[in-house]
S.K.: 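Please see the structure below; I have some questions.
The residues of the chain are indexed from 1 along the displayed sequence. What you see below is based on every heavy atom in this structure, not just the backbone, and it leaves out hydrogens, waters and symmetry mates.
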Amino acid sequence: MVVADTPPPRTTCLHFVTRKKRQCKLAALPHNQYCAEHYPHHPTTTIGEKEEDDPHIPCPLDPAHSILQSRLERHLKKCNANLFDYTDRPYYKRDINVPVTPSHQQFTLTRTPLGSVDPGLVWTTCRQLLGYGATSRMCEVGEAVDVSSKELADWTELVESRGGEKGLKHAKQQIALVREYSTNPGTVEKGRVFVELGAGAGRLSQWFHFKYPDRNFVLVDRQMCRRRADEMLSNFLRLKMDIKDVWVRGVEGVKEGVEGVREGVSNVTYLGKHLCGGATDLALVSAVDTAGVTAADLIIALCCHNQCTWEVYTGKTHYLSHFSPEQFYLLSSLAGWATCFHLDKIFPENLENEMEMFMKEQGPPEDGGYIILPNTLKRHIGLCAKNVINDGRAKYLQDNGFDVRFVKYIRDSISLENMALLAQPAL
């Protein structure tokens, strides 16, 4: 008779995360049922002697996370809730990159979960988006060009440093963005300063530095993260600031003793990889402001259109010519459908006709009913919603003297958020 092995004791945290509607996946502490983040919420649980001697306490700056009491002083210096005080610096101007909204475009809008929106309004908006899709400038975007084995070989040092399949996917995206930028007609390389907004670890700057080693870099992010690439950059300045408060024209130096970005410097390039939602709009406002005194261009990989907000959205004029203000957050939510379904064949040649026939046959939902759409149709509607948002941004840049184009810089199998915006001063 074979006796089954005794299963190992449970080591996963028992805390139920209400927001995610699932149990926490972190490992539990020794002699405890909960992880380091959640056991302060369960004071009746027992803990080991080591934890009793050095308990976790809520962070004074942000009680949403906790820290060992012995590490509190060190933690407060680097906590992401503790933004550095830049108010006396020349590159700090509060809300300088928040677009000024005319009075006739000021509306008080609230974001409502998609499941709580009137199905009739969702249906009407979907029909409008299908009609808009055929006229969008995004229809001119061609297919992405694969990253070749030769390109990977040229970047062997950085590709190997990323490691793993996930690292290789990020490496291919960054190679593709550098390629799109360096081959963009009109790109000027003299006196260039790269400003990466939402820089995170600064990996995109690292790849651009590999291509342009003698350039200066400014990295902006309101949070600090681990495994930063700063040591790979020779001339750089990292600012732990909100993008809305960064006045790029006021930055005096990229590194101590090295001349960097000064008012009137030529050729400032804005970088961004997966710059989420409204952060992209703040970047566009900053680029337009900088272009007032010097040549400025940008390449931004767009992301998270469902996080856009009306207050900072730069394409209001274009948007209001096609949709009502009340539809904005609904449209923003529908944009999330574009990345929910990974389909090999998304758009057959007669897709538009098939969609129109399907929606006519199904008809609008009855009161209290649900909308049931095939994934192919939902993916297309999501892409149309993203096109509305991006077309508004392009119109904003064009009205301020930029030439704009969109490129699909990487294949869907690498990332579904694979659209980049490139802009440079119009000739």
S.K.: Got a second to check how far K273's NZ is from F208's CZ, nearest 0.5 Å?
M.R.: 12.0 Å
S.K.: Keeping N306 on the side-chain end and G336 on the backbone end, is there a donor-acceptor pair under 3.5 Å?
M.R.: no
S.K.: Between the main-chain N or O of S286 and the side-chain N or O of W247, is there a donor-acceptor pair closer than 3.5 Å?
M.R.: no
S.K.: Indicate yes or no: at least one non-hydrogen side-chain atom of V98 is less than 4.5 angstrom from one of V285.
M.R.: no
S.K.: Between S116 (side chain only) and T112 (backbone N and O only), is there a donor and an acceptor less than 3.5 Å apart?
M.R.: no
S.K.: Given 3.5 Å as the limit, does a donor-acceptor pair link the side chain of S332 with the main chain of H305, or not?
M.R.: yes
S.K.: Nearest 0.5 Å, please: how far is NZ in K316 from NE2 in H104?
M.R.: 10.5 Å
S.K.: Say whether, by atom type as modelled, one donor and one acceptor occur between the side chain of D245 and the main chain of D95 under 3.5 angstrom.
M.R.: yes
S.K.: Taking all non-hydrogen atoms of both residues into account, name the closest pair between I389 and C308 and its distance.
M.R.: CG2-SG, 4.1 Å
S.K.: Please lay out, stage by stage, how Y313 and F328 fare under the test ring-ring contact (aromatic ring centres under 6.0 Å, His included).
M.R.: CA-CA 10 Å; Y313 178 53; F328 179 78; 5.4 Å; yes
S.K.: Please check if atom CZ in R94 has more than 12 non-hydrogen atoms from other residues, nucleotides or ligands closer than 6.0 Å.
M.R.: no
S.K.: Looking just at side-chain N and O atoms, do Q128 and T125 make a donor-acceptor pair shorter than 3.5 Å?
M.R.: no
S.K.: Using the side chain to side chain contact (heavy atoms under 4.5 Å, CB included) rule, pick out the option among H75, E73, R74 that qualifies with I67.
M.R.: H75
S.K.: Heavy atoms, side chains only, cut-off 4.5 Å: are L331 and V388 in contact?
M.R.: yes
S.K.: For a quick check under 3.5 Å, do D391 and H322 share a side-chain donor-acceptor pair by atom type?
M.R.: no
S.K.: Are R411 and I414 packed together at the side-chain level, in the sense that at least one heavy-atom pair is separated by less than 4.5 angstrom?
M.R.: yes
S.K.: Are any of the side-chain heavy atoms of C304 and H274 separated by less than 4.5 Å?
M.R.: no
